[in-house]
Colleague: 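Please find one structure pasted underneath; my questions will follow.
Numbered from 1 within each chain, the chains take letters A, B, ... in sequence-line order. Bear in mind that the values here come from a model prediction, so they are computed numbers and not experimental data. The basis for the numbers below is simple: all heavy atoms, side chains too, and nothing from hydrogens, waters or symmetry mates.
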Protein chains: 2
Amino acid sequence: MSTGITEREQGEAGSPGSDRHLRADAQRNRARILDAATTLMAVHGIDVPIDEIAQLAQVGVGTVYRNFPTKAALFKGLLMARLEPLVSAARAAADADEPGEAFVDFVRNLSDEFANFKALADAMVDSGVDLDAAKSQISGELISAVSRLLERAQECGRIRPDVTIGDVAAMMAGISHTDPILMDPSQRKRCVALVCDSLLIGARSLLPQTEILQPPAPLRTGSRSS
Amino acid sequence: MSTGITEREQGEAGSPGSDRHLRADAQRNRARILDAATTLMAVHGIDVPIDEIAQLAQVGVGTVYRNFPTKAALFKGLLMARLEPLVSAARAAADADEPGEAFVDFVRNLSDEFANFKALADAMVDSGVDLDAAKSQISGELISAVSRLLERAQECGRIRPDVTIGDVAAMMAGISHTDPILMDPSQRKRCVALVCDSLLIGARSLLPQTEILQPPAPLRTGSRSS
DNA sequence: TACTATACGGAACGATGGTTCCGTTTGTCA
DNA sequence: TGACAAACGGAACCATCGTTCCGTATAGTA
C-alpha cells in the first residue's frame with residue numbers, strides 16, 4: 001500500500017549550479033549522508049527513516065534535506081549506482097559464448113545483489129516510496145538487458161523456450177522480497193537453484209549438494225517474540 | 001519492519017460470557033464489521049486501516065473496538081476460518097492415492113487462496129501486525145500438514161527427494177507476496193507451474209499451454225539427476 | 001411511555017515518519 | 001580578525017494509524 005510520498009524533483013538540491021562551491025563541512029556532511037544511507041538501505045531497504053540516516057551520519061535531518069529535496073531523491077542516485085553494474089553485467093552475459101551458463105550465473109548474482117542491497121529489490125516493485133521516474137529508468141534498463149540475455153540463452157537451447165521475461169522478473173522479485181525469516185541466505189540460494197532448475201533444459205539439479213543429505217531444517221514460522 | 005503492535009488478548013471482547021445477550025443493533029453491527037473486514041482483508045491484506053473497516057461497515061471505530069480488543073483479535077478469527085479448510089485439504093491430500101498429483105493440486109489451491117485472501121498470505125510472514133499466538137498456530141498447523149503431504153509425495157517418487165518443506169514454504173511465500181503489478185493472476189499461475197516443474201520428477205511442463213506462443217515445451221525427463 | 005443498561009460515534013491521544021522552518025553556528029574571504 | 005553568506009540542528013508541522021474516552025443515542029423492559 002503506497003504511502004503517497006511523491007517525487008518532486010529529479011535532481012538533487014543545488015543541481016542547477018552543480019559545480020558551485022560547497023563549504024568544506026557541507027562536502028563532508030554530504031559524503032557522510034551518502035555513506036549512512038548506503039549502509040542502512042542495504043539492510044533495511046527503502047523503509048529506513050530519514051532520521052536514522054541523519055543519526056548515523058551524525059547530522060541533523062535538516063542537513064539531509066538541504067542536500068536532497070526528498071527521500072526519493074536521496075535514494076535515486078544510490079540506486080542508480082548499484083544498478084549500472086548489473087545492467088552492464090546482463091549485457092556482457094548476453095554476449096557470452098555460453099549464454100545458458102551466463103544466464104544462470106547472472107541470476108545468481110542478481111539475487112545476491114538484491115539480498116546484499118535490499119533497497120534495490122524494493123525499487124523493482126511498489127514499495128511505498130514513489131520513485132516513479134527513477135524506477136522506470138532503473139527497472140526498464142535492467143529488464144531490457146535481461147530480456148536479451150534470456151533470448152540468447154533460449155536461442156542456444158539452454159533455457160526453455162516457453163519461459164518469458166515476466167516469469168524471470170516475477171520469480172526474482174518473489175525470492176527477493178520474501179521475509180528473511182523464511183528466506184535466509186541459504187534458503188534463498190536453494191530457491192534460486194530450484195528456479196533455475198525449472199528454467200533450464202536438461203540440466204543437472206543446481207540445488208547445493210552440500211545441503212541435500214542433511215535432515216530438513218525445522219521450519220521457523222516467523223514468531224519473533226520470546 | 002514491524003510496527004510493534006502487540007496482541008493483548010486471545011479472544012474477542014466479552015468472550016467470558018460468550019452467550020450473553022447482545023442487543024439487536026450490536027449483533028447487526030458485529031456482523032457488518034466481520035463482513036467489511038473480510039472484504040478488505042481479501043484485497044488489501046493485513047494493512048487495512050481499522051478506520052476503513054469501520055467506514056465500510058457503517059459504524060464508528062469505537063464500535064469495532066468494543067467487539068474486538070485489538071486489530072489482531074479481529075483478524076485472528078477470520079484468518080483461522082480461512083485456514084481450517086486449507087489444513088483439512090492438506091491432510092486429505094496426504095492420504096490421497098496419488099500424493100504427487102495431490103501435492104500439485106494443493107499447491108495450486110493454496111496459491112489461489114493466498115491471492116484471493118491476501119491477509120492469509122500476510123499472516124504467514126512478518127507483516128507488521130503482531131499475531132504471535134495466532135500466527136504460530138496458523139502457520140504451524142498448515143506447515144505440518146503440508147510437510148506430511150510433501151513426504152508422502154516424495155515417498156511415491158513424484159517429488160524430488162532433495163526438496164524440503166522450507167523450499168516449498170519459501171517459494172509459496174515468494175509467489176504470494178510479490179507486487180501484483182509484476183505478479184498478476186496469470187503470471188502467478190505461470191510461476192506456480194514453474195515451481196511445480198522444479199519440484200516434480202519427470203513431469204511434463206505444467207506451464208499453461210494456452211499462454212505458450214512458442215513451440216510446445218520439450219518433455220523434461222529424468223535427465224537431471226538427483 | 002419512561003427508565004436504564006447497553007451500545008454508539010467520532011474526537012482525541014500517542015507513536016511513527018516525511019518535510020519545513022528558523023534561530024544559531026561556522027567556514028571563508030577580505 | 002571581523003563580517004556574512006552558507007550551513008547547521010532539531011523542534012515543529014502534517015499525515016497516517018492503532019487505540020481510548022466520553023458524551024449521546026437507543027433497544028429492551030416494566
Colleague: Has B/Arg152 got a side-chain atom pairing as donor or acceptor with B/Ala94's backbone, closer than 3.5 angstrom?
Modeller: yes

Colleague: Assign A/Gln58 to base, sugar-phosphate, or nothing according to its heavy-atom contacts below 4.0 angstrom with the strands shown.
Modeller: sugar-phosphate

Colleague: Just N and O in the side chain of A/Arg66: are any of them under 4.0 Å from OP1 or OP2 of D/dA6?
Modeller: no

Colleague: Given atom NE2 of A/His44 and atom C1' of C/dG17, what is their separation to the nearest angstrom?
Modeller: 15 Å

Colleague: Counting only side-chain heavy atoms from C-beta out, which of C/dT19, D/dT19, D/dA7 sits nearest to A/Lys71?
Modeller: C/dT19

Colleague: To the nearest angstrom, how far is B/Leu22 atom CG from C/dA7 atom P?
Modeller: 6 Å

Colleague: Please tell me which of the listed nucleotides, C/dG18, D/dA7, D/dA11, lies nearest to the side chain of A/Val61?
Modeller: D/dA11

Colleague: Does B/Gly62 or A/Ala24 map to a spot on DNA chain C nearer the 5' end, using the closest nucleotide for each?
Modeller: B/Gly62

Colleague: Report the distance from atom CG of A/Asp25 to atom C1' of C/dT24, rounded to the nearest whole Å.
Modeller: 14 Å

Colleague: According to salt bridge (charged side-chain N to carboxylate O under 4.0 Å, His left out), who are the partners of B/Arg32, at least two apart in sequence or on a separate chain?
Modeller: none

Colleague: Can a side chain N or O of A/Thr63 be found less than 4.0 Å away from OP1 or OP2 on D/dG9?
Modeller: yes

Colleague: CZ of B/Phe68 versus C1' of C/dC8: gap in Å, rounded?
Modeller: 16 Å

Colleague: Separation of B/Arg32 atom CZ from C/dC8 atom P, in whole Å?
Modeller: 11 Å

Colleague: Measure from the side-chain N and O atoms of A/Asp197 to the backbone N and O of A/Leu206, and report whether any donor-acceptor pair falls under 3.5 Å.
Modeller: yes

Colleague: Taking only side-chain nitrogens and oxygens of A/Asn29, does any of them come within less than 4.0 Å of OP1 or OP2 of D/dA7?
Modeller: no

Colleague: Separation of A/Ile46 atom CD1 from C/dG17 atom C1', in whole Å?
Modeller: 15 Å

Colleague: Rounded to whole angstroms, how far apart are CZ on A/Arg30 and P on D/dA6?
Modeller: 17 Å

Colleague: Judged by atom type as modelled, is there a donor-acceptor pair below 3.5 Å linking the side chain of B/Arg188 to the main-chain atoms of B/Met183?
Modeller: no

Colleague: Give A/Gln27 one of three labels, base, sugar-phosphate or nothing, depending on what nucleic acid heavy atoms sit under 4.0 Å from its own.
Modeller: nothing

Colleague: Should A/Tyr65 be listed as having a side-chain N or O under 4.0 Å from OP1 or OP2 of C/dT19?
Modeller: yes

Colleague: Indicate yes or no for a side-chain donor-acceptor contact from B/Asp179 to the backbone of A/Val125 under 3.5 Å, with no hydrogens or angles considered.
Modeller: no

Colleague: Would you kindly give the CD-to-C1' distance between B/Glu52 and D/dT19, to the nearest whole Å?
Modeller: 17 Å

Colleague: Could you check B/Arg23 against A/Ile50 and say which one's nearest nucleotide on DNA chain C is further toward the 5' end?
Modeller: B/Arg23

